[in-house]
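See structure below.
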Amino acid sequence: MPALLPVASRLLLLPRALLTMASGSPPTQPSPASDSGSGYVPGSVSAAFVTCPNEKVAKEIARAVVEKRLAACVNLIPQITSIYEWKGKIEEDSEVLMMIKTQSSLVPALTDFVRSVHPYEVAEVIALPVEQGNFPYLQWVRQVTESVSDSSTVLPR
């Protein structure tokens, strides 16, 4: 039976070899830079997370980042519990989590803005790139925030 393994593995390569011979060129692979031909570049949109001490602060920051087009959408997730070490002591607080959808290129500007208005001494702003998703939604995020990413456009105040 072990003698069949090399033969079986070569048979798996046969369709690729036949395709290569028939076309005269190696078969193409789907490009990892696009989402099923949608044109979305993986990682060009990010989900950023910010914690706030209460809903009032979270709503103020959320409204401001959307108005400034630093984000297309902000979801507020109330009543999360955060446990962390701060200045040598273990703390536990109720917070509101903001999930902010933006272009990855805007994360530095978003971070700077949040830091400038946030009441915490050290504001949590972390961002994760979006690799896949609903293309119309990802396209909408980019469209809504497009004017900010264009360096010739002045940020709305």
Which residues share a side chain to side chain donor-acceptor pair (under 3.5 Å) with [X], sequence neighbours left out:
| X | value |
| --- | --- |
| S82 | E95 |
| N54 | none |
| S104 | S46 |
| T111 | none |

If you round to the nearest 0.5 Å, how far is [atom2] of [Y] from [atom1] of [X]?
| X | Y | atom1 | atom2 | value |
| --- | --- | --- | --- | --- |
| C52 | L76 | SG | CG | 8.0 Å |
| I77 | M98 | CD1 | CE | 10.5 Å |
| T145 | L106 | OG1 | CG | 5.5 Å |
| F135 | W140 | CZ | CH2 | 14.5 Å |
| R142 | S105 | CZ | OG | 7.0 Å |
| D93 | T81 | CG | OG1 | 9.0 Å |

Query raised in the report: Is there a side-chain contact (heavy atoms from CB on, under 4.5 Å) between E85 and I90 once you walk through the steps?
Result: CA-CA 4 Å; E85 182 180 325; I90 303 298; 4.1 Å; yes
Query - Stepwise side-chain contact (heavy atoms from CB on, under 4.5 Å) check, Y137 with V45 - result: CA-CA 10 Å; Y137 180 81; V45 168; over 6 Å; no
**Report entry** For Q143, all residues meeting side-chain contact (heavy atoms from CB on, under 4.5 Å), sequence neighbours excluded
**Finding:** Q139
Query raised in the report: What residues, two or more places apart in sequence or in another chain, satisfy salt bridge (charged side-chain N to carboxylate O under 4.0 Å, His left out) together with K87?
Result: E121
Report task. Determine, stepwise, if the pair E146 / R69 fulfils side-chain contact (heavy atoms from CB on, under 4.5 Å). Result -> CA-CA 8 Å; E146 196 62 43; R69 294 185 172 272; over 6 Å; no
Query - Residue pairs passing the ring pair (Phe, Tyr, Trp, His ring centres under 6.0 Å) test where at least one lies in residues 96-132, sequence neighbours excluded - result: H118-Y120
Report task. May I have all residue pairs that pass ring pair (Phe, Tyr, Trp, His ring centres under 6.0 Å) and include part of residues 47-91, sequence neighbours excluded? Result -> none
Report task. Would you indicate whether the side-chain heavy atoms of P129 and P42 approach each other to under 4.5 Å? Result -> no
Compare every heavy atom of [Y] with every heavy atom of [X], then report the nearest pair and how far apart it is.
| X | Y | answer |
| --- | --- | --- |
| Q79 | S94 | CA-OG, 4.1 Å |
| C73 | N75 | SG-ND2, 4.1 Å |
| L70 | A109 | CD2-CB, 3.9 Å |
| A71 | I100 | CB-CG2, 3.3 Å |
| V130 | Y40 | O-OH, 2.7 Å |

Are [X] and [Y] joined in one hydrophobic group, where the rule is that I, L, V, M, F, W and Y side chains link up if heavy atoms are under 4.5 Å apart?
| X | Y | value |
| --- | --- | --- |
| V74 | M99 | no |
| V114 | V96 | yes |
| L97 | V50 | no |

Listed pairs under 3.5 Å, donor-acceptor, residues 57-65 side chains, sequence neighbours left out:
from, atom 1, to, atom 2, distance (Å)
K59, NZ, E55, OE2, 3.2
E60, OE2, K56, NZ, 2.8

**Report entry** R115 side chain vs A123 backbone, donor-acceptor pair below 3.5 Å
**Finding:** no
